[in-house]
Amino acid sequence: MRAARLTSPTTTPTGPGAVGGVTPVVLVAHGSRDPRAADATRALARAVSAARPGTPVRASWLDHTEPGPTAVLRDLALAGHRQAVLVPLLLTAAYHHRVDIPAAVAAAAQAGPPLAVRVTDVLGPADGTVDAGLLGGLRRRLGEAHPGHFDGLVLAAAGTRDARARRSVGQVADALAVEFGVPCRVAYASAAPPAAGVAVSRLRAAGARRVAVCAYFLAPGLFHDAVAEAARAAGAVSVAGPLTDAPELVELVLRRVDGRPCRPMVTPIPGPVPAR
């Protein structure tokens, strides 16, 4: 039996292997025990589907929530699809992207008809490039948090022991620092220092009086809750919400689906104004 195969990122999402001429899209999230996280993933899937009418968009999770990506891929193959595009809803290319997702694709090939699966880049920096859509979504959530003027910024992420993944988070922080013209420091909810409260305190000790926190999370959950609590206790003026189904994130997902390059410019979005 032929195995599912990971094809080139430039493969188009339509073709003779697609039912009705349209290739389905499978979104794969990390998964969480917190039901709010799954709700956020479903909301993103609905938004992607609305932006691409006629394209089947299925949500899946690596852990805690069903269905998993293997089950979704098998179902698509049994429905007659011969190709699919799988988008990892991940902000860093760490263990889940390198190991768990390829394993899920391989497992889907063990039963049922053959299915060619193209796995896209993660939503975080690809090849060292921070997509403007990602920055636009972060800026939107900062604006919604109503921080007003700020003179320091913390980018709070879930955390990872993978040094390359942490460097990619640092690239996003550097891009935010340029975007807003203020110092931006990285913090983590787990696995790596510093914690959000520590990062806020360090910026305040360095002279910042109004520190805002940008949430580098795709969905709400215990990690985001902990970041928000610690940051506010340390004196942060606001903590942004997760990206969830921000329009800029939807556009980024579709760029990954289509194999298009990162968008270089950020569309101006009303948002927080850094202190001068």
Side-chain angles (χ1 to χ4, degrees), residues 29-41 43 64 90-92 94 124 134-135 137-163 165-246 249 269-276:
H30 179 280
S32 170
R33 292 184 177 88
D34 192 316
R36 293 174 298 169
D39 289 343
T41 301
H64 302 299
L90 304 170
L91 292 172
T92 60
L134 179 60
L135 290 179
L138 294 172
R139 181 184 178 106
R140 177 183 293 274
R141 294 303 185 227
L142 273 171
E144 292 169 350
H146 302 297
H149 294 277
F150 60 86
D151 54 5
L153 188 59
V154 171
L155 179 65
T160 174
R161 294 182 177 86
D162 189 302
R166 291 197 302 273
R167 284 195 294 271
S168 76
V169 179
Q171 290 169 345
V172 177
D174 291 344
L176 287 170
V178 171
E179 169 103 355
F180 290 110
V182 300
C184 183
R185 303 289 181 261
V186 173
Y188 296 104
S190 68
V198 172
V200 170
S201 296
R202 287 176 178 172
L203 280 171
R204 287 171 56 82
R209 290 296 170 260
R210 294 183 61 80
V211 179
V213 177
C214 187
Y216 199 49
F217 294 90
L218 291 173
L222 296 179
F223 277 171
H224 182 263
D225 290 348
V227 161
E229 181 179 359
R232 292 191 178 105
V237 296
S238 69
V239 179
L243 288 161
T244 59
D245 58 348
L249 191 69
I269 299 169
V273 180
R276 300 295 185 188

### Query
Quick one: does L138's side chain get under 4.5 Å of V172's, heavy atoms only?
yes
### Query
When you check the gap from the basic side-chain N to the acidic O, do D151 and R204 get nearer than 4.0 Å?
no
### Query
Does the distance from a Lys or Arg side-chain N to an Asp or Glu carboxylate O, for D245 and R141, drop under 4.0 Å?
yes
#### Entry: Smallest separation among heavy atoms of A191 and G159, with atom names
CB-C, 4.0 Å
#### Entry: Contact summary for A145 and S238, nearest pair of heavy atoms
O-CB, 3.9 Å
### Task
Go through R167 and D162 one step at a time and tell me if the salt bridge (Lys or Arg N to Asp or Glu O under 4.0 Å) criterion holds.
CA-CA 9 Å; R167 284 195 294 271; D162 189 302; over 6 Å; no
#### Entry: Nearest non-hydrogen partners of A173 and C184, listed with the distance
O-CB, 3.5 Å
### Message
Just so I know, are the side chains of V227 and F217 near enough to count as touching, which here means a heavy-atom distance under 4.5 Å?
### Response
yes
### Y188 side chain reached by R166 side chain, heavy atoms, under 4.5 Å
yes
### Task
Compare every heavy atom of G124 with every heavy atom of Y216, then report the nearest pair and how far apart it is.
OH-CA, 3.8 Å
### Message
With a 3.5 Å distance limit and no angle check, can you tell me whether H224 reaches the backbone of A158 through a side-chain donor-acceptor pair?
### Response
no
#### Entry: Flag side-chain contact, heavy atom, 4.5 Å: F180 against L142
yes
### Query
Is there side-chain contact between C214 and V154, with at least one heavy-atom pair below 4.5 Å?
no
#### Entry: V182 and F150, any side-chain heavy atoms less than 4.5 Å apart
yes
### Message
Closer than 3.5 angstrom, by distance alone: can the side chain of R210 be matched with the main-chain N or O of V237 as a donor-acceptor pair?
### Response
no
### Query
Does L153 reach the side chain of P183, with side-chain heavy atoms less than 4.5 Å apart?
no
### Nearest non-hydrogen partners of V169 and L155, listed with the distance
O-CD2, 3.6 Å
### Message
R185 vs R202, test: side chain to side chain contact (heavy atoms under 4.5 Å, CB included). Steps then yes/no.
### Response
CA-CA 9 Å; R185 303 289 181 261; R202 287 176 178 172; over 6 Å; no
### Task
Ignoring hydrogens and angles, tell me if any N or O in the side chain of S32 forms a donor-acceptor pair with the backbone of G221 under 3.5 Å.
no
### Message
Using side-chain heavy atoms (C-beta onward) and a distance below 4.5 Å, is L91 in contact with L134?
### Response
yes
### Query
If every non-hydrogen atom of S201 is compared with every non-hydrogen atom of A234, which pair is closest and at what distance?
OG-CB, 3.6 Å
